[in-house]
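The sequence lines fix the lettering, A, B, ..., with proteins before strands; numbering per chain opens at 1.
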Amino acid sequence: MPFCLLLSEDDSHKPIRLPHLQTVILGRGPETKIKDHKCSREQVELRADHNEGYVRVKQLGVNPTSVDFVALGKGNQVKMRIGQKLHMVNQLYPYTVSFKEEVSADGNKGSKRPHQENSEEESPTQRPGTYKVPKSASTEKARDQCGRADGASGLHRQPSPSQPLKKELSIIDKKVNSGHWNQGLKVSMQDPSMQVYKDERVVVIQDKYPKARHHWLVLPWESISSLKALQAEHRDLLVHMQNVGNKMVQQCPDASRLHFRLGYHAIPSMSHVHLHVISQDFDSPCLKNKKHWNSFTTDYFIESQDVIEMLERTGNVSVKEGMAELLKLPLRCHVCHKEQSTIPKLKEHLKCHLPT
DNA sequence: GTTCTAGAAC
DNA sequence: GTTCTAGAAC
């Protein structure tokens, strides 16, 4: 059974044991003997994976924690391996990690001790050896309109066990994982190659996984996390977003043949307010499951106009309860309202409503 | 948000 | 046996 230690490089205290898949929070305190007030009491969260041979390092404090001198930023995390150096805060208080085989009392390496098994340890939840690469090739193959799929979300690379110490991968980790997947829109909207329109207030990008032949997202430059954060002063911005969305439709060569809707998801997965502009063909390989379908065809999809009117009426935007349950409703055609038993059958059915 | 896969449904 | 979904992991 391997075990993992966090070693103080300047030997200021004893090694700290990092149990398998358990989070350990460290910072200023007796355990590290750090007294520097730039270091939070809860500066980092560490989680060692003994099977994969890395420690996930997440910065919790305000001041920078770094791995190999690259600052993480609050809330961000990277995987740290043997040979890499962690600085707890401000490039100070250096640490390394070590993974070693524990030698049991009978001298056998790796033998399980009784009553020490736990299900998580014995059945690693992470598949070993998966090294995900951006799926641009397959996505583009599936549909040209899918556009670029360059890793703004859902593309967390993992190292291959055959190359566990390759430093390049750690550097990629830092770049690609610098933020949770739900922050992906903030990355995409800043990427000029994703932008299809921009002005001083908003930017439009193609949805990376379009659920129809035409699917854009209109995002304000202003950082607004969700509908809940909207205030009366945002009314004109929302109107502008809707106008830009309508412009996107007008310039679309299919505008005369396809119907479009403009609206917001009641409970979006991605952070940063975004207006969906989506054609109603739902003809896309990226539309794969009940959640996808119901998020655009039930009241989970809130019309842009309704959001604006609510903001004008009440000064804020509230989302009704029970929205999440709408995602589990049976699959029903949005045109003829006929129920379909499975996604493949629904997709086959939708063909009959496509323009000829 | 997507991917992956166990196991339910057929 | 295969297809499909739901839930976990990221």
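Closest to the side chain of A:Ile343, out of B:dG1, C:dT5, C:dA6, is C:dT5. Residue A:Pro344 has its side chain nearest to C:dT5 when only C:dT5, B:dT2, C:dC10 are considered. With C:dT5, C:dA6, B:dG1 as the choices, the nucleotide that has an atom nearest any side-chain atom of A:Pro268 turns out to be B:dG1.
When side chains are defined from C-beta on, A:Val44 does not count as touching A:Val24, because their heavy atoms never get closer than 4.5 Å.
Across all strands shown, A:His265 has heavy atoms under 4.0 Å from sugar-phosphate atoms exclusively, and none from any base. No contact: A:Lys328 has no heavy atom under 4.0 Å from any strand. Among the atoms of the strands shown, none is found under 4.0 Å from any heavy atom of A:Lys291.
With its ring centre under 5.5 Å from that of the base six-membered ring and a plane angle below 30°, A:Trp181 counts as stacked on B:dG1.
At B:dT2, one or more side-chain N or O atoms of A:Lys211 fall inside 4.0 Å of OP1 or OP2 (strictly under the cut-off). OP1 or OP2 of B:dG1 has not a single side-chain nitrogen or oxygen of A:His180 nearer than 4.0 Å.
For A:Leu327 and B:dT2, the CG to P distance is 13 Å, given to the nearest whole Å.
When ring centroids are compared, A:His274 and A:His272 stay outside the 6.0 Å threshold. In summary, the aromatic rings of A:Phe296 and A:His334 are positioned with their centroids too far apart to meet the 6.0 Å limit. The ring of A:His276 has its center no closer than 6.0 angstrom to the ring center of A:Tyr264.
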